[in-house]
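By convention here, the first residue in the shown sequence is residue 1. For the numbers below, each heavy atom of this structure counts, side chains included, while hydrogens, waters and symmetry mates do not.
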Amino acid sequence: MHNDKRVALVLGSGGARGYAHIGVIEEIERRGYNIACVAGCSMGAVVGGIYAAGKLPDYRRWIESLDYLDVLRLVDVSFRLGAIRGEKVFGQIRKIVGEMNIEDLRIPYTAVATDLTNQQEIWFQEGDLHQAMRASAAIPSLFTPVMQGNRMLVDGGLLNPLPIVPVVSSHCDLIIAVNLNATNQKQYVLPVIERPAAFKQRFNSVLSSLGSRLPFRRQPAEQLLRIEQETLQVAAGDPWLGGPLPPSARAAAPEAPGAPASATGSVTIDNVGPASLLDLINQSFEVMQTSLAQYKIAGYPPDVLINVPKRVCRFFEFYKAPELIELGRIIARDTLDAYERESEHQTAR
């Protein structure tokens, strides 16, 4: 399909669901639309910045090449103002993108962060791209904040999870917004993309351990230190590399290889409420973002709204990139099909 309409793209906040933005972008471009500017928040700012730098195919190849243990090794544990420092993840992004200033990108770009010190929204539209992406994606409790002078910057989703306003003045033909916190998309489920069973079981074991034993629960300092040491031994002492699991991971491991799996191939987890302080904070954060996104959409309705259901994965399930990318493509396809049919109908009248 050939379509020369200029699109202002808005990529919302939603943790790991942000990988769906990649599938959305690919579907928009497949139809011939011209993405002329992009604004993003949190993972939306990361994906949008990498896209604006022309490196999205490289980024996709990297995240889809990561197996479960690769993802775990990117977790650089911190005990100060966040569970993860983020230096490994964003260091790899820097290698992919290179040194880049926002004003040198091929299209206009805005990343939205929150200034906790002054309690206000911050728009990055110039300066260092990596600092903008890192600040916008500093999810409270998960990634440590970014200090800029006397300002403490965290995830923009605290104030604006769907930053439509920065693109309103772009004079594009269409504003397409991607909301990662939708609650009414019951027909969509995460596609099943098979992973090696051994790695799947191994990763779920360690993830369960991290989710319940790291600083997301309040524990004595000496116990936290022991758990950190065990966690950092995972890569070096992994059974696939010849070593034993640490005790905390063994305790969380499924008792049998035939542990029940969900439709997405993950070990089933009974959803009886937050399992840890991390879960509690992130569930609270998501409730807030869902409400704020609805207000943003009502105040500045986009021409096309692509809704990704927030129930498809948890906020920090960053190992589901292939499934989420494909889901984003499917939802974008259906949404744009409906939009184009309606446009053709209105033109014919």
Side-chain angles (χ1 to χ4, degrees), residues 9-25 27 40-48 63 112 114 136-143 154-164 176-193 207 211 216 262-266 268-298 301-302 304-335:
L9 184 61
V10 180
L11 303 177
S13 170
R17 291 188 300 278
Y19 286 137
H21 290 318
I22 299 173
V24 171
I25 289 171
E27 181 63 20
C41 176
S42 194
M43 271 294 287
V46 173
V47 173
I63 60 175
V112 175
T114 299
S136 183
I139 302 167
S141 80
L142 191 59
F143 286 104
V154 297
D155 195 302
L158 281 172
L159 294 177
N160 192 353
L162 195 63
I164 300 172
I176 298 179
V178 186
N179 175 27
L180 300 179
N181 295 285
T183 57
N184 59 348
Q185 303 300 100
K186 300 296 185 185
Q187 70 271 32
Y188 292 109
V189 297
L190 205 61
V192 176
I193 297 178
L207 189 70
F216 319 135
S262 68
T264 62
S266 300
T268 301
I269 299 174
D270 293 330
N271 187 17
V272 294
S276 64
L277 182 57
L278 174 69
D279 274 342
L280 176 62
I281 293 172
N282 281 325
Q283 286 185 29
S284 302
F285 191 46
E286 292 210 292
V287 169
M288 178 189 67
Q289 285 193 123
T290 299
S291 179
L292 284 173
Q294 291 171 351
Y295 280 113
K296 298 300 180 182
I297 292 165
V304 179
L305 179 62
I306 297 173
N307 280 313
V308 176
K310 68 177 182 179
R311 60 176 172 73
V312 295
C313 80
R314 290 185 294 179
F315 200 78
F316 47 84
E317 292 181 315
F318 288 96
Y319 56 95
K320 294 184 176 180
E323 294 88 349
L324 288 161
I325 292 171
E326 177 62 14
L327 180 64
R329 187 195 65 78
I330 291 169
I331 298 177
R333 178 199 65 197
D334 294 347
T335 305

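When side chains are defined from C-beta on, Leu292 does not count as touching Leu159, because their heavy atoms never get closer than 4.5 Å. Considering only heavy atoms from C-beta on, Ile193 stays 4.5 Å or farther from Lys320 through its side chain. Ile139 is listed as a side-chain neighbour of Ser42, based on a closest heavy-atom distance under 4.5 Å. Considering only heavy atoms from C-beta on, Glu317 stays 4.5 Å or farther from Glu323 through its side chain. A heavy-atom distance below 4.5 Å is not found between the side chains of Lys310 and Leu180. Between Ile22 and Val47 there is a side-chain heavy-atom pair separated by less than 4.5 Å. A heavy-atom distance below 4.5 Å is not found between the side chains of Ile176 and Pro302.
Distance check: Ile297 CD1 to Asn181 CG gives 9.0 Å after rounding to the nearest 0.5 Å. In this structure, OG1 on Thr290 lies 7.5 Å from CG on Asn179, to the nearest 0.5 angstrom. If you take OG1 on Thr335 and CG on Leu305, they are separated by 8.0 Å, rounding to the nearest 0.5 Å. Between the CD atom of Gln187 and the CD1 atom of Ile330 there is a distance of 11.5 Å, given to the nearest 0.5 Å. Rounding to the nearest 0.5 Å places OG of Ser291 at 11.0 Å from NZ of Lys296.
What you find for Tyr19 and Ile325 is that their closest heavy atoms are O-CG1, 3.4 Å. When all heavy atoms of Val312 and Leu190 are compared, the closest pair comes out as O-CD2, 3.8 Å. Shown here for Ser136 and Ala45, the closest heavy-atom pair between the two residues is OG-CB, 3.3 Å. Closest of all the heavy-atom pairs between Gly156 and Cys41 is C-SG, 3.3 Å. Nearest heavy atom pair, residue Tyr188 against residue Pro309, reads CB-CG, 4.2 Å. Between Pro191 and Leu327, the closest heavy-atom pair is CD-CB, 3.8 Å.
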**Report entry** Verdict with reasoning, Leu162 to Val10, per side chain to side chain contact (heavy atoms under 4.5 Å, CB included)
**Finding:** CA-CA 7 Å; Leu162 195 63; Val10 180; 4.1 Å; yes

Report task. Dump the intermediate steps for side chain to side chain contact (heavy atoms under 4.5 Å, CB included) on Val154 and Phe143, then the final yes or no. Result -> CA-CA 9 Å; Val154 297; Phe143 286 104; over 6 Å; no

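Ile331 pairs with exactly one of Val178, Ile306, Asn307 by the side chain to side chain contact (heavy atoms under 4.5 Å, CB included) rule, that one being Ile306. Of the candidates Arg17, Arg314, Arg311, Glu286 forms a salt bridge (charged side-chain N to carboxylate O under 4.0 Å, His left out) with just one, namely Arg17.
Formation of a donor-acceptor pair under 3.5 Å by the His21 side chain with backbone atoms of Gly12 is found in this model.
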